[in-house]
Amino acid sequence: MNVTDSATDAPLLDIRNLELRYGAAVAVRDISLSVKRGQLVAVIGNNGAGKSSMVRGASGLVRPSKGRVFFRGEDTTSLPANRKVRRGLVMVPEGRLLFPDQSVEDNLILGAYAHGGLKGARARETLEKVLTLFPRLRERLAQQAGSMSGGEQQMLAIARGLMGEPELLIIDELSLGLAPKIVDQLMAVLAELNRQGLSILLVEQLAAHALAIADHAYVIANGHVVRHGPSAEIARDPEVMEAFLGKKKSSA
Ligand SMILES: Nc1ncnc2c1ncn2[C@@H]1O[C@H](COP(=O)(O)OP(=O)(O)OP(=O)(O)O)[C@@H](O)[C@H]1O
Ligand SMILES: [Mg+2]
């Protein structure tokens, strides 16, 4: 009916023919990928496939050398990360990148920085929601972020991302260095956030875990998308199973 309606039909995130280089080295050759509103999309692929680079290009941390990144129907290719956060695209980086000497609370406040910090009633409401989602963080607001367990630090990294009030949350390697039980707990939180309406792009080495909660999945190798489709189909694909899910062919 109007401009807003047609923008609503567009994918929330639409990455088209992305290429990303570090100097002469090409990390992403040609990746096209999209996330529709309300979807949880998984990106899987081996070490060095270009997943984090793709995420850096999408979130504005590294400027792509070719291609376009549309967010909410707008061409955001050349916007820096902080301006993308203000539009609702928030990334939780690989390795979490918390401020380890700062308290949990200060790390959360920094998550709201792109919206002017924690001054308004709305930001306090967001904080309350985030602490309800992660009660462990509420108990530890004054603790130094770097002194928490790996699982708690990943909770904080996600919580800090949520303080940016994302419409799309991109998470790079949720499971990094975490015990399987903690990974399962965090995956359940992501599934719940998605049920509540948050769109999520989850980059994950633990393919089976990611495919279990995702609607749609992309497999990346060598800077290209080599497969994509409904995650249930990707999970049944014998070549994907072989390469990423640790299943071997009959010769045990
Ligand atoms: N800052 C950088 N400078 C130069 N080369 C880089 C840089 N970051 C990544 N690369 C290279 O780009 C390629 C893709 O790396 P990237 O980190 O995107 O892969 P990934 O799929 O995220 O891997 P992982 O599963 O190990 O996280 C690799 O060859 C890597 O060595
Ligand atoms: Mg990576």
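Counting convention: from 1, in listed order, for ligands and their atoms alike. Note: hydrogens, waters and symmetry copies are ignored here, and every other heavy atom, side chains too, is used.
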Asker: Does S52 put an N, O or S atom under 2.8 Å from the Mg ion (ligand 2)?
Answerer: yes
Asker: Does a side-chain N-to-carboxylate-O contact under 4.0 Å join R29 and E19?
Answerer: no
Asker: If only side-chain N and O atoms count, and only distance matters, is there a donor-acceptor pair under 3.5 Å linking S149 with Q153?
Answerer: no
Asker: Look at the rings of H228 and H216 and say which category their plane angle falls in: under 30° parallel, 30 to 60° tilted, over 60° perpendicular.
Answerer: tilted
Asker: With side-chain contact (heavy atoms from CB on, under 4.5 Å) as the test, pick out the partner of N194 among V189, I200, L202.
Answerer: I200
Asker: Distance check below 2.8 Å: does E94 bring an N, O or S atom to the Mg ion (ligand 2)?
Answerer: yes
Asker: Regarding E128 and R138, does a basic nitrogen lie under 4.0 Å from an acidic carboxylate oxygen?
Answerer: yes
Asker: If you measure from each heavy atom of G45 to ligand 1, is any distance below 4.0 Å?
Answerer: no
Asker: Below 4.0 angstrom from a heavy atom of S52, which ligand 1 atoms are there? Numbered from 1 as shown, please.
Answerer: 17 (O), 18 (O), 20 (P), 22 (O), 27 (O)
Asker: Do NZ/NE/NH1/NH2 and the carboxylate oxygens of E233 and R227 come within less than 4.0 Å?
Answerer: no
Asker: So, regarding G48 and ligand 1 (criterion: nitrogen or oxygen to nitrogen or oxygen, under 3.5 Å), is there a contact or not?
Answerer: yes
Asker: Residue-level breakdown please: for N46 versus ligand 1, do any non-hydrogen atoms fall below 4.0 Å on the side chain, on the backbone, on both, or on neither?
Answerer: backbone
Asker: Tell me the nearest of A25, G95, S53 to atom 16 (P) of ligand 1, using heavy-atom distances.
Answerer: S53
Asker: Can you check side chain to side chain donor-acceptor pair (under 3.5 Å) on S199 and Q39, steps first, answer last?
Answerer: CA-CA 5 Å; S199 308; Q39 268 189 329; over 6 Å; no
Asker: Looking at atom 30 (C) of ligand 1, would you say a protein heavy atom lies below 4.0 Å from it?
Answerer: no
Asker: Among all protein heavy atoms, pick out the one at the shortest distance from atom 5 (N) of ligand 1; state its residue, atom name and that distance to 0.1 Å.
Answerer: Y22 CD1, 3.3 Å
Asker: Using a plain distance cutoff, I'd like to know if M54 has any nitrogen or oxygen under 3.5 Å from a nitrogen or oxygen of ligand 1.
Answerer: no
Asker: What distance separates I213 CD1 from E204 CD, expressed to the nearest 0.5 Å?
Answerer: 8.5 Å
Asker: Answer yes if a protein heavy atom lies under 4.0 Å from atom 3 (N) of ligand 1, otherwise answer no.
Answerer: yes
Asker: Below the 3.5 angstrom mark, is there an N/O of A27, backbone or side chain, next to an N/O of ligand 1?
Answerer: no
